[in-house]
Novice: 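Starting off with a structure, shown below.
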Amino acid sequence: MQFLQDAYLKNLAGKTLTDPSLHMRFLLEDKIRCQQLFHQGGGMFLDLSRQHLCSDVLNILMKEADQAGVQEKFAAMMAGKKVNTSEDRAALHTAARNADMPVRVDGQNIARILGDIHGKAFEFSSQVHDKKICGSKGKPFSDVLVLGIGGSRLGTQAVYEALNARHNCFLPLHFLSTVDPHAFIAQTRKLNPASTLVLVVSKSFTTREVVDINLSLVRNWLENAELRPSEHIVHITGKGSPGDNVSESACLRVFHIFDFIGGRYSVTSAVGSLPLSLAFGPDVVKGLLAGCREMDTHAATSPADQNLPLLAALCDIWNGDYLGFPAFAMIPYAAPLQYFPAHMQQLYMESLGKGLSLAGQAIPHDKGAMFCFGDTGTDAQHSFFQMLHQGRPLPLDLIGILQPPPECRASSEGSRAHEELWTHLLAQADAFALGRTGGRPEQLCPGNRPVSIITLKNLMAEDVGHLLAFLEARTVYTGFLKNLNPFDQFGVENGKIMASELRKSLSESIFSSSGTTGLYLKALKKGDLSLPNQNGTQDPPR
Ligand SMILES: O=P(O)(O)OC[C@H]1O[C@](O)(CO)[C@@H](O)[C@@H]1O
């Protein structure tokens with residue numbers, strides 16, 4: 001670490017990190033430095049000039065990346081090598097958007113298989129749009145209810161909301177993920193069962209929330225409306241899972257997904273291509289895939305100093321491992337990108353939140369990946385930005401869209417709104433960097449807070465694809481730089497094991513679970529929570 005900091009300081013004339021002349025206020029005056037840290041590629045822009053970075057530090061970080069062979073690993077991943085070593089699997093989300101580039105795993109051309117499944121999804125969507133496939137009472141489908149959780153929901157929802165801004169939506173999607181019955185009631189209240197198509201998205205088809213509870217609720221809901229569930233339900237699931245090879249009475253169609261694409265990387269498999277083509281039609285999904293493909297090619301082939309996802313990953317390593325920031329926030333200044341922070345949160349934290357390196361060494365907490373959270377601008381400015389301006393500093397990603405929505409261009413009010421949005425983005429970027437001096441002591445803002453500005457040219461399907469694949473590649477590169485496996489998620493399993501033990505206790509009315517858990521189990525049965533008295537017995541409910 002010290003030598004990196006030394007390089008930073010040497011580059012900036014031998015100052016210490018806290019030296020006032022190293023303040024971003026002065027760094028931003030260095031035009032050459034700013035140009036060196038402004039990058040374009042894969043269809044988008046990345047401005048790192050408001051980071052505590054300089055070319056010397058970047059050179060050292062790139063050398064580390066080179067020594068770790070991260071670009072070779074990325075190429076090996078795209079070529080189908082089993083980079084998910086703990087599960088002995090390939091990680092082939094990139095093959096899902098490039099059917100013409102053969103990728104062989106265990107003798108099969110995976111890219112072709114994935115491309116054929118997209119083709120089937122497009123055909124099915126067109127038949128639904130053309131009313132050749134209708135509900136069991138002959139009513140054309142008007143809505144799609146998507147059951148799925150985690151990676152089987154977040155990415156698709158993020159992309160759906162983004163695409164909805166500029167593309168015509170034929171069939172709105174509604175997402176049901178959590179097992180909370182409130183969510184089921186809220187979603188189904190606004191739907192007509194007779195014209196609702198239900199997609200059950202679960203690779204394992206064992207996720208309790210989805211295939212046990214919510215699917216049962218939905219089946220009942222359809223049956224209560226005197227409909228045949230099998231004519232309304234489609235499975236998107238792993239080949240050979242309990243949702244595959246089911247009888248005709250279970251569902252209308254099965255679309256396959258595979259264990260070589262993890263849930264959080266699966267938007268461009270059938271997990272996303274079926275619901276999104278039902279919503280917007282096949283051409284929009286093809287545009288999304290093309291945008292991803294452009295970014296994948298950029299991520300795989302550009303030299304490190306021009307490679308946006310790799311540079312972003314190096315910046316994350318610098319901020320997290322060397323400068324010690326525990327978290328970063330993603331703030332899209334674009335309402336249609338509202339679910340991207342949640343998608344990135346899963347992508348980043350499920351991929352990189354690991355306890356062991358690939359070499360089997362424990363990863364100390366302060367060298368673990370950063371937490372990720374976020375919200376849209378300008379809303380975030382009016383909630384948690386206060387703390388970031390004057391309290392604990394954190395790095396921020398601000399995302400902007402260059403082109404305003406076409407409707408805006410027609411009116412001066414519309415253009416003003418778009419310009420106002422960008423004014424806020426740039427004002428925040430500068431306020432975090434420059435801070436505020438003068439005024440009363442409580443008005444002081446120290447500034448010097450790192451910000452990256454990510455700019456998309458537009459919000460068409462291709463642009464959304466650029467962003468999606470950029471975030472995936474940035475996450476994968478960070479995993480490779482940290483020498484950990486960004487494709488498994490064994491931590492999540494522990495909670496599932498606990499839940500199955502508690503489920504058993506509850507069904508057998510055994511309330512002796514550890515700590516206060518037994519109290520809650522009992523309360524669930526009795527419908528009331530009574531606290532133990534001093535004798536350790538429970539008072540009767542009041
Ligand atoms: O698609 P499935 O098997 O229902 O799993 C849902 C999600 O659960 C997880 O395993 C953990 O949250 C995710 O990785 C996955 O996307």
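In listed order, ligands and their atoms are each counted from 1. Computed from a predicted model, the values in this text were never measured in an experiment. All values below were derived from every heavy atom in this structure, side-chain atoms included, with hydrogens, water molecules and symmetry-related copies excluded.
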Novice: Just jot down the ligand 1 atoms closer than 4.0 angstrom to any heavy atom of K496, in number order.
Specialist: 10 (O)
Novice: Which protein non-hydrogen atom lies closest to atom 5 (O) of ligand 1, naming both residue and atom, and how far is it?
Specialist: T207 OG1, 3.6 Å
Novice: If I apply the N/O under 3.5 Å rule, does V201 come out as touching ligand 1?
Specialist: no
Novice: Applying a 4.0 Å heavy-atom criterion (strictly less than), which segment of R153 is in contact with ligand 1: side chain, backbone, both, or neither?
Specialist: neither
Novice: I'd like to check which ligand 1 atoms, numbered from 1 as shown, lie under 4.0 Å from a non-hydrogen atom of G263.
Specialist: 16 (O)
Novice: Out of E350, R208, Q489, whose heavy atom sits nearest atom 13 (C) of ligand 1?
Specialist: E350
Novice: Going by the order shown, which atoms of ligand 1 are within less than 4.0 Å of some heavy atom of G151?
Specialist: 15 (C), 16 (O)
Novice: For K367 and D321, which heavy atoms make the closest approach, and how far apart are they?
Specialist: NZ-O, 3.2 Å
Novice: Among all protein heavy atoms, pick the one closest to atom 3 (O) of ligand 1 and tell me residue, atom and distance.
Specialist: S204 OG, 2.6 Å
Novice: Salt-bridge test for D397 and R474: reply yes if a basic N is under 4.0 Å from a carboxylate O, no otherwise.
Specialist: yes
Novice: Please determine, by modelled atom types, if Y265 and S351 share a side-chain donor-acceptor pair under 3.5 angstrom.
Specialist: yes
Novice: With no hydrogens and no angle check, just 3.5 Å: does a side-chain donor-acceptor pair link S86 and D488?
Specialist: yes
Novice: Indicate yes or no: does K120 engage D116 in a salt bridge with an N to O separation below 4.0 Å.
Specialist: no
Novice: Within the structure, is a non-hydrogen atom of V492 found at a distance of less than 4.0 Å from ligand 1?
Specialist: yes
Novice: Which residue owns the protein heavy atom closest to atom 7 (C) of ligand 1, what's the atom, and how far is it?
Specialist: I149 O, 3.5 Å
Novice: Please work out which of the three classes, parallel, tilted or perpendicular, describes the rings of F205 and H235, given edges at 30° and 60°.
Specialist: tilted
Novice: Is it true that Y339 and Y160 have ring centroids separated by less than 6.0 Å?
Specialist: no
